[in-house]
K.L.:
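To start, I am sharing the structure in question, which I have written as C-alpha cells.
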Protein chains: 2
Amino acid sequence: MEGKAITIYDIAKEAGVSTATVSRVIAGNYPVSEKTKKKVNSIIKEYNFHPNAVARSLSSKRSRVLGFITPEITNPFFSQVFIEVEKHALEKGYSVLLGNSLNNRKLESKYIRMLLDQQAEGIILLGGLINDIYPDTNQVNDLKEIEKKTKLVTINGKIDGVGSLSVCTDEGKGIEMVVDHLVELGHSKIGIIGGMERITTTQVKIKAFKQALKNHQLEFKDSWQIYSGYDIESGDSGLKTLVDTNTDFPTALIGINDMVAIGLVKGNRKLNRDLAFVGYDNTDLAIASSPELTSVSHPYSDLGKTAIDLMDKDLDNKNHKDIILDPILIQRESTLLKNLKTE
Amino acid sequence: MEGKAITIYDIAKEAGVSTATVSRVIAGNYPVSEKTKKKVNSIIKEYNFHPNAVARSLSSKRSRVLGFITPEITNPFFSQVFIEVEKHALEKGYSVLLGNSLNNRKLESKYIRMLLDQQAEGIILLGGLINDIYPDTNQVNDLKEIEKKTKLVTINGKIDGVGSLSVCTDEGKGIEMVVDHLVELGHSKIGIIGGMERITTTQVKIKAFKQALKNHQLEFKDSWQIYSGYDIESGDSGLKTLVDTNTDFPTALIGINDMVAIGLVKGNRKLNRDLAFVGYDNTDLAIASSPELTSVSHPYSDLGKTAIDLMDKDLDNKNHKDIILDPILIQRESTLLKNLKTE
DNA sequence: CTGTTAGCGCCTTCAA
DNA sequence: TTGAAGGCGCTAACAG
C-alpha cells in the first residue's frame, strides 16, 4: 500500500511556484493570475494530486466533517432522515461520521467524544437523549459543554437548557391531521397505541391526540391509549392489552409509528376485527403492509436540508433557532377501504 | 464556540514534563514511570484534555477512520450489515464515515475520493459496483489505484482483478437450504422471483437454485424464474408476470430478498393462491410480514467482525483473503403453515 | 525512563 | 499577485 504520497510541495516545485500559491489555486479564495493558475492546475492533474484533508483540517481548523448520532440506523425513520442529511451534507462538501448509539446513553457519549476529538464541525442528534423527558443531568451538562466546542443540531427533539439549533416536524399537527381524517371517514372511536411515557415525541403525539378529539367533541378514553414501545411486537402486545381491558372497542387505531401500526395490523389478523389503521413516519413499512398504511410523512428532504443549513450558516449562538416543518398525511388502504359514513 | 483548545503542550508545562512524555502516557505504548504517569494523568483529567485526533492522524499517519460505502442505507439488509461493522469498528477505535451512493457510480467514486482525502485507513464496499457483472473498466482501474493507497474490503461482492479482501455469506448455500426445506415440506414446484440479471448476487442465487432443483431431480422452469428487481413493487410485478405467463403454477415462491417476498405475499392477497413464500436476508421485514417470512439470515455479526478484522490485521496484500461464511435458514409461518406431505 | 527536535501536509499572515 | 516562514497539535526517532 501507501507509496509516499505526493504533496503540495511536489506540485509547487514542479510548477516553479511556492506552496502558498498552490494552496491558493486549490482553495480558490485568493487572487492568483490566470497563467499560474493554469500551470498549477495542469500539474495537479498530471500528478493526480489530491490534498490531504487531515493536514488541511489541522491547519485550517475546518474539518469538513459532521457527526450524526442516532439510536438505530436500522430503524427506517432514522435511516430516512440520515440519507437526506447526508445528501445535503455532501452538497456542501461535508463528510458524515455516523454513530449508532443503540439507545445506550454511554455509547452516545462515547460517540460524541469521538466526534469532538475528530474536530467535527457539527454534531447532529436524532433520537435518544434528546427525546428523553428525564435526561440525565450529567449528560445535559456535557451537551452544554460540547456546545462551546462545536455546533449542535437536534432533529425532532430538544433538550431544555441546551440552546441547540433544532429542526423538527410538527408531530402534534400530524396527529391532528390523522384524527381529522378518521373523523371525516366517520370514525368516532379512536385509539392510539405504542410509544413510551418518558419519550417526548410520544407525549407530543398523545397530547395532540387528546386535543384533536376534543376539537371534534369526542371523548378520550384512557383505556384506548396504551404505551407499549416502538417495534412491531409493541403493536401486537398493545392490541392484546386493548382487547383485554376493553369491552367497548375503537373502530380506528393509530400506531405511534409505522412499525407499531404493522404490529396492530398483524395482531388483528387473528382477531379479525374491522378496523382502520394509521401509522406514522411513512417509512417503507407503510407500503410493505397490507393493507398499505395511511401514514404521516415527515418532509424528509427539508428536514435534512434544514439540519445542514443550520450547521452551515454562521448563526449567532444566542439566536436560538427552532425550525418547525409541516407533516404530510399520506392516505392509503388501511383507512380508505371503508368509509363508515357511506354505510 | 471554540475557546482556544488546550493542547498537549499545556499539559506538559503544567506537569513539568515534555510533550513527548504526555504523548506517551496518552498512547500508553512506551514506558513511562508510574509516578509521572499518575501526575500527567491527573493533570489531563483536571483540564479535561482530549487529544486532537486530526493532529494525531497527521503526525502518526493513522487516521483511525474507515469508510463504508453502500447504495442505500435505508435498505434493511445494508443497514443491518452496517451496524455490525460499525459496532466492531468502534471496539477497535475506528470511526466510520458512511457514504450512501444511491446506486450511482459517480457518487460512489466521489465518496471514495472523499475517503481517500480523509486518509481513511480502509474502505468497505457493500453493494453497488462490486455486484455488477459488467463493471465499468475505468472504475475498476480506479479501484486498483485505490488499493495502493488504502485497504479495500468488500462484503458480499468482489471485483475481478482487484485483489481486495472480501467476506461474504455463501448465498448459493442459502438458496440450497431453502430448496431443501421446501422439498422437505413436499413442494416440487418452486419459483424464484426478483433480482436483476447483471447483478452477481442474483446470479449466484439462481445458479444455486438450478443446482438445488437438480439435486432433487426437479425440473427448472424458465417461466418460474423472473427478474424484476429488489423492492416490494418488484415482488408484486414479478407475481403478475408469473400469472400472465403460466398456466401451470408453482406451489412455493422464493423472493430474491425479503422485500420482494413481501411484494409476493401482498400480490397474492388478490390472487389468493395457496402458496409458500420464502425471503432472503432475514431483515425486520420478514417479521413485519404476515404470515411471517421464512428467510435466510446472514451471520450479520460475523460479517461485520470479519470485515473489521480484515481491515485491522496487517495482511500481506498478495495473500488475498476471501472469507466465506455460512447462512442460516430461519423457518417461519410463510412455509410452515402447511405441510404438503401431511395432507 | 525522559527530553529534544524534527517533521506530518497544508494554510495564512506578512512582506515584497 | 506571489513567496517566505511560522505555525496547527501531535508523534517518533534519537539522544541522554
Side-chain angles (χ1 to χ4, degrees), chain A residues 2-41 43-44 47-65 93 116-121 149-150, chain B residues 2-41 43-44 47-65 93 116-121 149-150:
Chain A
E2 302 287 3
K4 54 239 91 210
I6 110 160
T7 74
I8 208 177
Y9 184 79
D10 305 316
I11 303 297
K13 201 164 64 181
E14 196 68 17
V17 298
S18 71
T19 59
T21 300
V22 177
S23 175
R24 283 172 190 132
V25 340
I26 291 171
N29 48 357
Y30 282 92
V32 180
S33 79
E34 271 312 308
K35 196 168 149 226
T36 53
K37 195 185 292 183
K38 252 179 201 140
K39 173 112 188 217
V40 170
N41 273 325
I43 305 230
I44 285 179
Y47 280 66
N48 188 30
F49 167 69
H50 290 272
N52 179 326
V54 171
R56 224 171 176 172
S57 301
L58 181 60
S59 177
S60 68
K61 299 180 160 291
R62 295 220 54 189
S63 65
R64 306 256 83 182
V65 166
L116 253 24
D117 291 353
Q118 295 284 355
Q119 314 301 111
E121 287 186 38
K149 305 196 177 147
T150 192
Chain B
E2 302 287 2
K4 54 241 88 206
I6 111 159
T7 75
I8 208 176
Y9 184 78
D10 304 316
I11 303 297
K13 202 166 62 180
E14 194 69 15
V17 298
S18 73
T19 59
T21 301
V22 176
S23 176
R24 284 174 191 130
V25 339
I26 291 171
N29 48 357
Y30 282 91
V32 180
S33 79
E34 269 313 307
K35 197 169 146 225
T36 55
K37 195 184 292 183
K38 252 178 203 143
K39 174 113 189 213
V40 170
N41 273 326
I43 304 230
I44 285 178
Y47 281 66
N48 188 30
F49 167 71
H50 290 272
N52 179 327
V54 172
R56 221 168 179 177
S57 301
L58 181 60
S59 176
S60 68
K61 300 179 160 294
R62 295 218 55 188
S63 66
R64 306 256 81 181
V65 166
L116 253 27
D117 292 353
Q118 295 286 355
Q119 314 302 111
E121 287 186 38
K149 305 197 177 143
T150 192

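Bear in mind the structure is a predicted one, so any value in this text is a computation, not a measurement. The chains referred to below are lettered A, B, ... by the order of the sequence lines, with proteins before strands, and numbering in each begins at 1.
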K.L.:
Between atom CZ in R62(B) and atom C1' in dA12(D), what is the gap in whole Å?
P.N.:
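Taking atom C1' of dA12(D) as the reference, CZ of R62(B) is at 15 Å.
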
K.L.:
How close or far is atom P of dT2(D) from atom NZ of K39(A), stated in whole angstroms?
P.N.:
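My rounded result for the distance is 12 Å.
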
K.L.:
For S33(B), which residues count as a side-chain contact (heavy atoms from CB on, under 4.5 Å) partner, sequence neighbours excluded?
P.N.:
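For S33(B) the side-chain contact (heavy atoms from CB on, under 4.5 Å) partners, ignoring immediate neighbours, are K35(B), T36(B).
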
K.L.:
Rounded to the nearest 0.5 Å, what separation is found between the CD atom of Q118(A) and the CD atom of Q118(B)?
P.N.:
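The distance works out to 9.0 Å.
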
K.L.:
In sequence, state the C-alpha distance, the side-chain angles, and the governing distance for I26(A) and I44(A), and then conclude on side-chain contact (heavy atoms from CB on, under 4.5 Å).
P.N.:
CA-CA 9 Å; I26(A) 291 171; I44(A) 285 179; 3.9 Å; yes

K.L.:
Apply side-chain contact (heavy atoms from CB on, under 4.5 Å) to the pair N52(B) and R56(B), showing each step before the final yes or no.
P.N.:
CA-CA 6 Å; N52(B) 179 327; R56(B) 221 168 179 177; over 6 Å; no

K.L.:
Rounded to whole angstroms, how far apart are NZ on K38(A) and P on dT1(D)?
P.N.:
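The answer, rounded to whole Å, is 14 Å.
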
K.L.:
Look at all strands and tell whether V22(B) reaches a base, only sugar-phosphate, or nothing, counting heavy atoms closer than 4.0 Å.
P.N.:
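Nothing, no nucleic acid heavy atom in range.
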
K.L.:
Using the salt bridge (charged side-chain N to carboxylate O under 4.0 Å, His left out) criterion, which residues pair with D117(B)? Sequence neighbours excluded.
P.N.:
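Partners of D117(B) under the salt bridge (charged side-chain N to carboxylate O under 4.0 Å, His left out) test: R113(B).
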
K.L.:
Touch check for T7(B), heavy atoms < 4.0 angstrom, all strands: base, sugar-phosphate only, or nothing?
P.N.:
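Sugar-phosphate, backbone atoms only, no base.
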
K.L.:
Nearest 0.5 Å, please: how far is NZ in K61(B) from CD in E121(B)?
P.N.:
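Atom-to-atom, E121(B):CD and K61(B):NZ are 12.0 Å apart.
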
K.L.:
Check residues 12-20 of chain A and write down every donor-acceptor pair under 3.5 Å in which the side-chain atom is one partner and the other belongs to a residue at least two apart or another chain.
P.N.:
from	atom 1	to	atom 2	distance (Å)
E14(A)	OE1	Y47(A)	OH	3.2
S18(A)	OG	A20(A)	N	3.3
S18(A)	OG	T21(A)	N	3.3
S18(A)	OG	T21(A)	OG1	3.3

K.L.:
Just the table, please: protein N/O against nucleotides 13-16 of chain D N/O, every pair under 3.5 Å.
P.N.:
from	atom 1	to	atom 2	distance (Å)
dA13(D)	N6	R24(B)	NH2	3.2

K.L.:
Indicate the atoms forming the closest heavy-atom contact of A120(A) with S63(A), along with that distance.
P.N.:
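Scanning both residues, the minimum pair turns out to be CA-OG, 3.8 Å.
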
K.L.:
Between S60(B) and P31(B), just flag the one whose closest nucleotide in DNA chain C comes earlier from the 5' side.
P.N.:
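Of the two residues, P31(B) wins.
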
K.L.:
Distance check needed: dG9(D) P versus D10(B) CG, whole Å only.
P.N.:
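Roughly 9 Å, once rounded to whole Å.
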
K.L.:
Please give, in whole Å, the distance from dC8(D) P to K61(A) NZ?
P.N.:
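That distance rounds to 8 Å.
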
K.L.:
Which part of the nucleic acid, if any, lies within reach of P51(B) when heavy atoms closer than 4.0 Å are counted: base, sugar-phosphate only, or nothing?
P.N.:
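Sugar-phosphate: the residue P51(B), judged by heavy atoms under 4.0 Å, touches backbone atoms but no base.
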
K.L.:
When you measure from the side-chain N and O atoms of T21(A) to the phosphate of dG3(D), is any distance below 4.0 Å, counting only OP1 and OP2?
P.N.:
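True: T21(A) side-chain N/O within range (under 4.0 Å) of dG3(D) OP1/OP2.
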
K.L.:
Using a cut-off of 4.0 Å on non-hydrogen atoms, how would the nucleic acid contact of T36(B) be classed: base, sugar-phosphate, or nothing?
P.N.:
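Sugar-phosphate only.
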
K.L.:
Using a 4.0 Å cut-off to any heavy atom of chain B, which nucleotides of DNA chain C are the first and last in contact, reading 5' to 3'?
P.N.:
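Counting from the 5' end, contacts occupy dC1(C) to dG9(C).
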
K.L.:
Whole angstroms only, please: what is the CG-C1' distance between L58(B) and dT11(D)?
P.N.:
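The answer, rounded to whole Å, is 10 Å.
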
K.L.:
By nearest heavy atom, map E34(A) and R56(B) onto DNA chain D; which one lands nearer the 5' end?
P.N.:
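The 5'-side residue here is E34(A).
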
K.L.:
When the axes are fitted on five pairs at both termini, how much does the helix from dC1(C)-dG16(D) to dA16(C)-dT1(D) curve, in 10° steps?
P.N.:
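What I find for the helix from dC1(C)-dG16(D) to dA16(C)-dT1(D) is an axis angle of 30°.
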
K.L.:
Can you measure R64(A) atom CZ to dC8(D) atom P for me and round it to whole angstrom units?
P.N.:
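Interatomic distance, CZ of R64(A) to P of dC8(D): 22 Å.
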
K.L.:
Compare all side-chain heavy atoms of V40(A) with those of I43(A) and state whether any distance is below 4.5 angstrom.
P.N.:
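SC-SC contact between V40(A) and I43(A) ruled out.
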
K.L.:
Any side-chain to backbone donor/acceptor pair from S57(B) onto V54(A)? Under 3.5 Å, distance only.
P.N.:
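Looks like no, no N/O pair under 3.5 Å.
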
K.L.:
Taking atom CZ of R24(A) and atom NZ of K37(A), what is their separation to the nearest 0.5 Å?
P.N.:
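So the gap between those two atoms works out to 12.5 Å.
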
K.L.:
Report yes if some heavy atom in the side chain of F49(A) is under 4.5 Å from a heavy atom in the side chain of I8(A); otherwise report no.
P.N.:
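Yes. Closest side-chain heavy atoms under 4.5 Å.
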
K.L.:
Starting from C1' on dG9(D), measure out to CG on L116(A) and report it in whole angstrom.
P.N.:
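From L116(A) CG to dG9(D) C1': 16 Å.
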
